[in-house]
Structures are given as structure tokens and as C-alpha cells.
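Everything below concerns the one structure shown next.
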Amino acid sequence: MKLFKKILLVLIVGLTPLILSSCGMQNKLLVLNWGEYINDEAVALFEEMYDVEVSISLSDSNELFYSKLKSGTTAYDLIIPSDYMVEKMMQKNLLQEIDFTKLTNWDASYGDYENNPYLMGLNGIRETMAPGTENYHVPYFWGTFGLMYNKLVPGLEEALETYQWDAYFNPDLRPEGTRVGMYDTAQFAYGTAMLYNDLDPNVVTDETIEIAYDTLMGAGFEMWGDDHLKKAIAADNLDLGFVWTGDFLDMFYVALGEGEGYDDVSYNIFIPDTTFAFMDAFVIPKNARHVDLAHQFIDFFLDPDMAYLNASVIGYPTPLQETYDMITDYVGEDQWLTDWARAYEEYYPDTPDFRGIPFANLDQALIAQLTLMVNNVKTDS
Amino acid sequence: MTNYPVATLQEYGYKDYTVLKKIWKVTSIILVVLIVIMLYISVIMLAIQSVNSSSSVTSFGQFTFKWYGEMFSIRSLNSAIRNTFITSIVATLLATVLGTLIAVGLYSFEKKTRQKLMLFNNIPLLNADIVTGVSLMLVFSLLLPIFPYIFGPTTLILAHLFFTLPYVILSVLPKLKETDPNLMDAALDLGVGPYRALLKVIVPAILAGIFSGMLLAFTMSIDDFVISYYTTGNGFDNLSIWIYGSIGRKSLNPAVYAFSTLLTLMTMGMMLAYQFLMKRGKKHETF
């Protein structure tokens, strides 16, 4: 009997800490974030300051954010989905309003554009969201799409600056023999074609699909790809392509890190005045258990210095005007900080005439229609 | 005497296959090498990438071990690795103890009953991971009103216990069959109590089976994704969940390659140990 008791004792001793550990959750902030999307140093500072533990889980798509929120096995305190998902979650009543009075660093009076503490580039994105959404989110990072081009083609840069989207879609307006590629996602192809035609890129009807088909056919794309586009342009196998600005910058920063000069890199990106953009934002789910702590966390990352520290490891631009100014105003010896300031200024425009439009969350049936149209373009051309 | 021509071997119907045999031997070696390369090329690529200083997979910078150091400095990766080991070690130890006891208990049944019971043991083994994962999640969700934070280490370890237990039972039972059925009686006759007899007589006799079951359970547990994905929560992510979550917008950090290489080496080492134990167990039979 003794041995049996011993075994039982071992099992109890083994299992108790496990069950107890789940009780020690009182001071643990549960965050759901994208991969490599926060500066661990800043998180450690937050933990030290408030004497809490921050646990960060990762998600790789907006849909995963949604399903994790709905499944209910974990009550996340703070999640960071993108624009359209914030809207969807709000409409499905999954979020709680953010109490802006608790955010000491949120200063609506900062900045000169309609008393907004955020960059002007963000306004286009926020305007397209459903009314009321602004009470539920605090922007975290944002980004744009642009036209990456090969600097070795004479006249291409000028053509882009003069004609913008027209140079991308109209072969007559760009240097002869320019090899053009398109991102292989039906909604991206359709959306850009709509921008070229001055139509709303997030409305799909039979006529607009027809227009998009003609536009895409007329553009003479030689290559459809995703990651390949930027590599092909860097390798001088392609001259122009629609890419994520963040993707371009990843590659650009690596090239700078390997000792290439800012102006010696053989490729560059042009950001049209009206282009696609996205924004990721902090939201607090309705069933969050540490609401105050979540507000403190948001507030912590609204602090311009913390936002600066955070932005220094993330390739995407900060939405905060004050932090943006801190980055772009850099004057000094440090080569990296100088390049960084220049890249921010050139690729993340802070001018009133820039407008970023987020991609809407289209219905599956519409996506299927667009995919069919794009496949027709590929086979017919 | 006429000189009859001496018949050659060919005339007796002998066919000379030495050349063909040689060709066959060479082709078979080439084929085996090709197959082995095809099987292991992914692992080799991973190992190469883990010592590549450039984080781009298409170009090789310099030989470096920096990713091996970095995997412990990335906060979330570090905790994911820790969680993986905590889960696997605790679940394996529990599964080994419980599995051995269950196997001994099962063995004392009549053969027919035992076979029926073994069916229950085998169903979780053969069941699809996703079914196991989702059904366990549903079961644990029932506890949510009582323990709001139940999801996490507790559920993850219980789930791992659930799918590793059958492996331990399966590798202990055959060893029990090899032992003398009168061993227990003899021990009792010689004056030890039943539990002491179990520990001092039965367990040493089936030790090789217990160890091999333990290794099997550990290798199954450490790389599990599907079941873990559904049964964890509250930020307690293991490595495979972390990797799945981090391949969203950016390419994977090469530290993951470094850890995967280490994990592969460890699994290989364990499989070798398993083979070694099985062999040693076989040798002992002859005594």
C-alpha cells in the first residue's frame, strides 16, 4: 500500500503546480499580435514598470484573430487586427469602447491637421471605416503599397512621377520595353485597375469587372507573382511591379546593411498619391479581464519615446505624428538613422494630398469572380 | 583419340551475368543513395539554413552560429521553447508512470478481455489528430465556467498525456508477455508485498519496454501541433504554434531553423537510443 501512496503522492505533486499555475493569471496581460511585430525590449520595460507579466501569442491572419476571439478558450485582453477586421469585430459586437480618458499620452491636440495626433497618411484609411470605429481602436502601425521600379531603365522614374498609375497601366506612357509585373492576388489586380479608372476599388459589379479585364489586358503584364516581383526587379529581370512598401523596405534595409549606399541601390519604389494602405490597431475585446492594464499597455505605446523604440525594430511606419517627427528630424553622424529618416520621409508621405485606401473584406463569391477574371487575363494575354 | 572440342560453359547453358550483376549492384547503390538523399534533403537544407548568416533562403552569406545563440534571446521564441519542454517532459513522465501501471493491469486480464480493452487503447492512436484536438477542446471548454483560466499548461499537458499514453502501453505490453507469468507469484511466495513486488520484480523485467515507450511518447509529444493548437490557451504556446503564428507577414526568423536542427538531432539521438534499448532487450532474452 505504501508504494501505491507514493505513486499517488508523485502524481498529486506533479499536477498541483499545473492547476495552481492557472490561478496565477491575475497579473498577466494576454496579447494577441502578429509575428515579429513588437519590440521585446519595450515589453520588458512595461513589465518592469507595472510589475506584471505580458504574454504575447501570435496570429498570422486577420481571420485567425477573429476565430481566436470567437472560440473563447482564451480571454485576450488586447489584440491587434487590421482595418477591416476592426470594423467587422465592432459590428459583431466583440469589442469594447476604448476609454480615451485613461490614455494620458493620447493627445488629440497634437499635429496640425484637424487636431489629430496621427499622421495624415492615416486619415484616408480611417475615413473609409464605418462611423463609430474610431471609438474602438488606437492605431498601432500602418503601411502602404507602391510601385517598385528598376532605376536602370531610363525615363521610368520620370514617367511614374508624371503619370502615376497611368504609367503602370498604359504602355504608351512609360519607356518602351519596360517589363511590368503584377501581384498575383485577384483583389490587388482588380483594385489597382479600379484606381487607374478613378473608380471605387472596393465596389465590384459586372461592369467594373469588365472594365478591370480590359485595363489588365491592356497593361501588358509579363509576370504575375508575389515575393518574386521584388526579387526580379532587384535582379534586373523586371522593371516595374506592384508591391508592399514594407516588403520593399525589408529588402532595401538589408541592402543598406550590406554596405550599399542609399542612392546606389538599383531599385526604388514610387508611392502614388492615391494608393492602397492598411492599418493595424489595438482593440480591447468585450470579454477582456484586464481592461485597465490593457489601457495602460496602449498608453505605454502611445508615449512618443516608446513608439520610437518600437518603430526602430519594426519595418512599418508609426502612426504617431510626434514619433514620425522624431524619426524624420534626425540630423547627425549615424548613417543608419540618417537613411531611416530619409526612407520614412520618402516612402511614408505626410502630406494632405496623399490618400491611403484599405482593401475591403469582400465576399467569397465576389473574390471568386475576380479570380476568374484575373485567370482569364492570364490565359488571354 | 579424336580431339573433341572442349565444351564451353556457354554451351552447357551457362549465361554470364557478371557484367549485368555489376551494373545492377551499381544502380542499386545509386538508387539507395538517391532515396536517402531525397528523404533527408529537407533536413539537410534546414541545417544549412541554420548556419547561414543571411536571413534570405536563396543566398548563402557566411557560416555562422549566431542563430543558435539568438533563439534564446528572442523573448517569445524563448518562452515557446521552454513551454514545449515543460509540456513534453511532464506529459511524458506522467504517461510513463500511468502507462506502465495500466499495462500491468491490462496484462492481468484474460486474453479476450485484454484484446477488447486494447481496442480502446488503439482508437486514440489511429484517430485523426484534428478530431482528437477539437473533441478535447470541447471537453475542456465544459470546465470554463468553474476554472476560467483552465486553458494553458494544464489542458495542454492533459491533452499530451491523452495521446502519448497509448504509445507507452503499446510498448510495455509486449515486454510483459515476454516475462515469466509466474514471476509475480514467485515474488509473493518469497515474502514481498504486492506493490513492492511490482516495483522490485516486474518493473526491472520490463524496464527496456518502459524506456522505449517513454522515448516514443516524448518524440510524439515534442513535435505535436494539431492537438496542441486546439487545447492550449492564455498565452501558453508551444514551439509549433509559435512557428505557425509567426509566418504571417514576415519571413521566418532563422533562429527557428537553428532550433529545428537541434530538435531533429535530438529526435535522431532518441530513435538511436530506442533501437539500442530494443536490441539490448532482445539480447537479455537469451540468458
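Naming: A, B, ... by sequence-line order, numbering from 1 per chain. Heavy atoms only: backbone and side chains are in, while hydrogens, waters and symmetry mates are out.
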Could you tell me which residues satisfy salt bridge (Lys or Arg N to Asp or Glu O under 4.0 Å) with B:Arg75, sequence neighbours excluded, listed by chain and number?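 Expected list: A:Glu47.
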Counterpart residues, side-chain hydrogen bond (donor to acceptor under 3.5 Å, both in side chains), relative to A:Thr245 (two or more places apart):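 Applying side-chain hydrogen bond (donor to acceptor under 3.5 Å, both in side chains) to A:Thr245 gives A:Thr144.
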Region of B:Pro194 that comes under 4.5 Å of a non-hydrogen atom in chain A: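 For B:Pro194, there is no contact with chain A at all, as no heavy atom is under 4.5 Å.
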With a 4.5 angstrom heavy-atom cut-off, could you sort out which part of B:Thr155 is near chain A: side chain, backbone, both or neither?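 Neither the backbone nor the side chain of B:Thr155 comes within 4.5 Å of chain A.
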Structural part of A:Leu64 lying under 4.5 Å from a heavy atom of chain B: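 Side chain only.
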Rounded to the nearest 0.5 Å, what separation is found between the CG atom of A:Leu58 and the CD1 atom of B:Ile243?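 It comes to 11.0 Å.
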Looking only at heavy atoms, what is the nearest atom pair of A:Lys28 and B:Asn234, with distance?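 Closest pair (atom of A:Lys28, atom of B:Asn234, distance): NZ-O, 3.8 Å.
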Heavy-atom closest pair, residues A:Ser57 and B:Gly235: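 It is OG-CA, 3.3 Å.
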Quick check: are there more than 12 heavy atoms from other residues, nucleotides or ligands sitting under 6.0 Å from [atom1] of [X]?
X        : atom1 : value
A:Glu41  : CD    : no
B:Phe211 : CZ    : no
A:Asp51  : CG    : no

